[in-house]
There are 2 protein chains.
Amino acid sequence: MSGCKAEHCPCGAVCPLQVALKRIGGKWKIPILCVLSSGEGIRYNELMKKVTGITNTMLASSLKELEKDGLITRVQYNEMPIRVEYFITEKSLSLMPAMQMLAQWGME
Amino acid sequence: MSGCKAEHCPCGAVCPLQVALKRIGGKWKIPILCVLSSGEGIRYNELMKKVTGITNTMLASSLKELEKDGLITRVQYNEMPIRVEYFITEKSLSLMPAMQMLAQWGME
DNA sequence: CTGAATCCGTGCCGATACTG
DNA sequence: CAGTATCGGCACGGATTCAG
């Protein structure tokens, strides 16, 4: 921890803390991961309902970034009408202990 | 975790994860806490140097919020010229394990 | 149903100047 | 030395509309 400066430490390496917080940062990513943390596949409009207050724009862009970072998986079933389900990944699940500790800390 | 929605869960309670991330959110709070995590008192202009890239405005406002949230302590020595030192608190130190885990996760 | 595209307001953050 | 005050840019996020 010591010596950590902004995104880059004086040694020139990227601070892993900042890297982590960038991946799950923003207003909606954690709420989305929380909803998916049950492990079940959840559809787009289900997420719209369960992540209270989120808009189309933010849900779509958040899902895209989360998938790009390997934190969720998108599965498309080519039925008619088209159906898509999102799943949480192992990488996200391995983050949960840290989130639990943070939440614990948030409760004082 | 499950059922967490934005800042408020459907049960009406505030999500402790969001509470935690709000306290240490923003661009500079974690870097500041990292520098202070050694436990030594550090002066204002020392922080300016050690937290690379931070401006007067952001350092002052970040310190004020961190103190308000009980994450740092401000100690003023009424010498001439005036001297101020900032210290990390127990509350911040209790956050470090979670930060360590997050950093670990950030390194994959 | 699952998004993409566009426009736009707000708030974070940076730069600069000033104060006790 | 240790901050405030003020202004402004820009990215994040919100609302609406459109598309496959």
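Between the CE atom of A:Met48 and the P atom of C:dC1 there is a distance of 11 Å, rounded to whole Å. Rounded to an integer number of Å, the gap from CD of B:Glu79 to C1' of D:dC1 is 11 Å. Here the C1' atom of nucleotide C:dT2 and the CE atom of A:Met80 are 11 Å apart, to the nearest Å. For B:Lys27 and C:dG11, the NZ to C1' distance is 14 Å, given to the nearest whole Å. Between B:Tyr44 atom OH and C:dT19 atom C1' the separation is 13 Å, expressed in whole Å. Straight-line distance from the CD1 atom of A:Ile54 to the P atom of D:dC12: 16 Å, rounded to whole Å. B:Arg43 places its CZ atom 9 Å from the C1' atom of D:dA2, with the value rounded to the nearest Å. Distance, A:Asn45 CG to C:dG3 C1': 11 Å, rounded to whole Å.
Non-hydrogen atoms lying under 4.0 Å from DNA chain C are contributed by A:Asn56, A:Thr57, A:Ala60, A:Lys64, A:Arg74, all within residues 55-78 of chain A.
Of the inter-residue distances, the one linking A:Arg43 atom CZ with A:Tyr77 atom OH reads 10.0 Å to the nearest 0.5 angstrom. Going from atom NZ of B:Lys49 over to atom CD1 of B:Ile42 covers 11.5 Å, rounded to the nearest 0.5 Å. Here the OG atom belonging to B:Ser62 is positioned 5.0 Å from the CD1 atom belonging to B:Ile54, to the nearest 0.5 angstrom.
Residues A:Leu102 and B:Leu95 meet the side-chain proximity criterion, which asks for heavy atoms closer than 4.5 Å. Proximity of A:Arg74 to A:Leu63: side-chain heavy atoms (C-beta onward) are nowhere separated by under 4.5 Å.
For A:Trp28 and D:dC12, the shortest distance from a side-chain N or O to OP1 or OP2 is not below 4.0 Å. Proximity of A:Tyr86 to the phosphate of C:dG3: a side-chain N or O atom is located under 4.0 Å from OP1 or OP2.
Within the 3.5 Å criterion, the main-chain N or O of B:Lys91 finds a donor-acceptor partner in the side chain of A:Trp105.
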